[in-house]
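Order of listing sets the numbers, starting from 1, for every ligand and every atom in it.
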Amino acid sequence: MAPLTRGRLRVAGELTVPGDKSISHRALICAALADGTSEIRDILSSADVQSTAGVLRALGVSIPALAPVMQVTGAGRRALAAPVADLDCGNSGTTARLMAGVVAGAGVAARFVGDASLSRRPMRRVQRPLEAMGAVVELPDHGGLPMHVRGGALESVEWASDTPSAQVKSCVLLAALAAGVEATVREPSRSRDHTERMLASMGAEVWVNDDAVMLFAEQTLSPLELTVPGDPSSASFFAALASLASHGDLLARRVGINETRSGFFAVLREMGASIELENAVRASGEHVADLRIATGRGLIGVTVSGAAIPTLIDELPLLACVAAYAEGETRVTGAAELRVKESDRIAAVVDNLRLLGADADELPDGFVVRGTQPRLRGTVVTHGDHRLAMAFGVLSALPGNEIAIDDRECVAVSYPEFWADLARVTGS
Ligand code: S3P
């Protein structure tokens, strides 16, 4: 297998990617619901996490400015105040869906709003379980935002999700936690498990098996002591870039390797990449390691479906981009959820790849990309979607490509320093 990128690209050095976005949201929320003062280190300071901080402040929680070391004093699980204004979730689905659960369980009433992208995203998936628990959730006909949530005395629930979704699972668990009732959530396959890990690390009684998680009634949370791991979704862009490079050697420090999140690294290895784990440790209930990514390897196409999909759901646009430089065909199915992310990520990634000159087709629930080592030219339409901007940002660094990105600033949602880090490791 020869390395497939055209020309020489050196990717080298060390990188510390910013804190995990999913864990950062949960850290603020769980700290706000705990009894006492939590310490959170290395929280992601990005637009999405600012949205969660802003919503918690509007509910009367004193959240200081996001900082590398910050303290949050919680007032216990039912101490939220009714907000006087709309809860603005910006672009963040995690904020809207997790906080809908908190508001319902805390017995207050609130109206959730967001930007144009978030306002189109499906909220019936949280409406149904919250109403089954006894909350009132009103949505417009299209099922998105604005969403009115009115909490009350919620009841215990056993909820079976038809799609794996950590946002739905966490919404139900947080509603039950705030209301002091019991909840069981079943999923067709396991979604990211940060909420249950964090609740357990704060002393809550949580029971987990392969397809279900249960939170017992009347749990209280001790303060959180957490160093947020580096975000594996953010590290994935650089794992992909180094795997496509002709020479160099990249070390990404302190990356979260929770197995419900690390599917992209496994798939990249299956394609022929070399990603070695060093200094693996367990901290605050999460697994963290340094990733050493080799260059000059050459990649082959891969098939991804089934239970693997939730473990790399946010990395699938990046996989499609990498696949254009892998020998043979890459096929992804069982990923219809991609159509309801920050953009329709199936249509958007395939349209952009084709527009630039790659060979790709949409499937109803995924995509096919044939690796042709294309020389790509044109302007990517991101639809304001941070992960599209960064996935094509990786391709823009490959020699011979002339790719512009229509909205480079949208990376602020999850990885504000992305372009600076990209320039640094490529020496450009
Ligand atoms: C997230 C869960 C996933 C993921 C999103 C973050 C979370 O969404 O795509 O970026 O933090 O719980 P779903 O729950 O909709 O699958």
Side-chain angles (χ1 to χ4, degrees), residues 18-30 43-44 46-49 51-52 55 89-102 114 117-118 120-129 143-144 159 161-175 185-199 213 228-229 231-237 256 258 260-264 286 307-319 334-346 348-349 365 385-388 390-391 410-411 413-415:
D20 189 285
K21 181 155 80 71
S22 292
I23 295 176
S24 296
H25 286 294
R26 286 158 173 80
L28 290 180
I29 295 170
C30 291
I43 195 165
L44 169 67
S46 79
D48 266 16
V49 182
S51 293
T52 290
V55 165
C89 304
N91 188 246
S92 174
T94 307
T95 307
R97 295 189 180 122
L98 270 58
M99 288 306 302
V102 173
S117 152
L118 181 59
R120 284 191 295 271
R121 294 182 64 190
M123 296 297 155
R124 292 205 204 288
R125 53 184 61 194
V126 292
Q127 179 191 39
R128 284 189 269 112
W159 187 253
S161 289
D162 42 19
T163 17
S165 165
Q167 292 177 353
V168 173
K169 173 174 64 179
S170 304
C171 168
V172 175
L173 293 176
L174 292 169
V185 184
R186 286 179 208 290
E187 305 185 274
S189 57
R190 236 164 115 207
S191 64
R192 64 192 65 191
D193 62 1
H194 305 301
T195 302
E196 44 272 44
R197 282 176 185 270
M198 193 174 289
L199 293 176
V213 47
V228 180
D231 196 321
S233 296
S234 299
S236 291
F237 297 108
N258 177 324
T260 63
R261 293 291 300 286
S262 55
F264 182 74
E286 293 282 349
I309 294 292
T311 70
L312 77 169
I313 187 75
D314 292 337
E315 287 65 72
L316 289 171
L318 174 64
L319 177 63
E337 273 293 297
L338 284 181
R339 296 210 182 266
V340 291
K341 295 294 180 189
E342 285 85 329
S343 66
D344 174 344
R345 287 182 172 162
I346 295 178
V349 79
D365 61 345
D385 185 334
H386 55 131
R387 299 211 190 277
L388 287 175
M390 293 186 278
C410 66
V411 304
V413 158
S414 65
Y415 193 167

Output yes when a side-chain donor or acceptor of Thr311 lies under 3.5 Å from a complementary backbone atom of Ala308, and no otherwise. yes

side-chain hydrogen bond (donor to acceptor under 3.5 Å, both in side chains) partners of Glu187, counting only residues at least two apart: Lys169, Ser191

Could you tell me which residues satisfy side-chain hydrogen bond (donor to acceptor under 3.5 Å, both in side chains) with Arg339, sequence neighbours excluded, listed by chain and number? Asp344, Glu362

Check each N or O atom of ligand 1 against all protein N or O atoms and list the pairs under 3.5 Å, with atom names and distances to 0.1 Å, one per line.
{"unit_1": "ligand 1", "atom_1": "8 (O)", "unit_2": "Lys341", "atom_2": "NZ", "d": "3.1"}
{"unit_1": "ligand 1", "atom_1": "9 (O)", "unit_2": "Asp314", "atom_2": "OD1", "d": "2.7"}
{"unit_1": "ligand 1", "atom_1": "9 (O)", "unit_2": "Asp314", "atom_2": "OD2", "d": "3.4"}
{"unit_1": "ligand 1", "atom_1": "9 (O)", "unit_2": "Lys341", "atom_2": "NZ", "d": "2.7"}
{"unit_1": "ligand 1", "atom_1": "10 (O)", "unit_2": "Asp314", "atom_2": "OD1", "d": "3.4"}
{"unit_1": "ligand 1", "atom_1": "10 (O)", "unit_2": "Asp314", "atom_2": "OD2", "d": "2.8"}
{"unit_1": "ligand 1", "atom_1": "11 (O)", "unit_2": "Ser22", "atom_2": "OG", "d": "2.7"}
{"unit_1": "ligand 1", "atom_1": "11 (O)", "unit_2": "Arg26", "atom_2": "NH1", "d": "2.9"}
{"unit_1": "ligand 1", "atom_1": "11 (O)", "unit_2": "Thr94", "atom_2": "OG1", "d": "3.4"}
{"unit_1": "ligand 1", "atom_1": "12 (O)", "unit_2": "Arg26", "atom_2": "NH2", "d": "2.6"}
{"unit_1": "ligand 1", "atom_1": "14 (O)", "unit_2": "Ser165", "atom_2": "OG", "d": "2.7"}
{"unit_1": "ligand 1", "atom_1": "14 (O)", "unit_2": "Ala166", "atom_2": "N", "d": "3.1"}
{"unit_1": "ligand 1", "atom_1": "14 (O)", "unit_2": "Gln167", "atom_2": "N", "d": "2.8"}
{"unit_1": "ligand 1", "atom_1": "15 (O)", "unit_2": "Lys341", "atom_2": "NZ", "d": "3.2"}
{"unit_1": "ligand 1", "atom_1": "16 (O)", "unit_2": "Lys341", "atom_2": "NZ", "d": "3.3"}

Quick one: does Ser117's side chain have a donor or acceptor within less than 3.5 Å of a partner on Glu342's backbone? yes

Could you list the residues that satisfy ring-ring contact (aromatic ring centres under 6.0 Å, His included) with Phe264, not counting sequence neighbours? none

Mark yes when over 12 heavy atoms from residues, nucleotides or ligands other than Arg186 sit less than 6.0 Å from its CZ; otherwise mark no. no

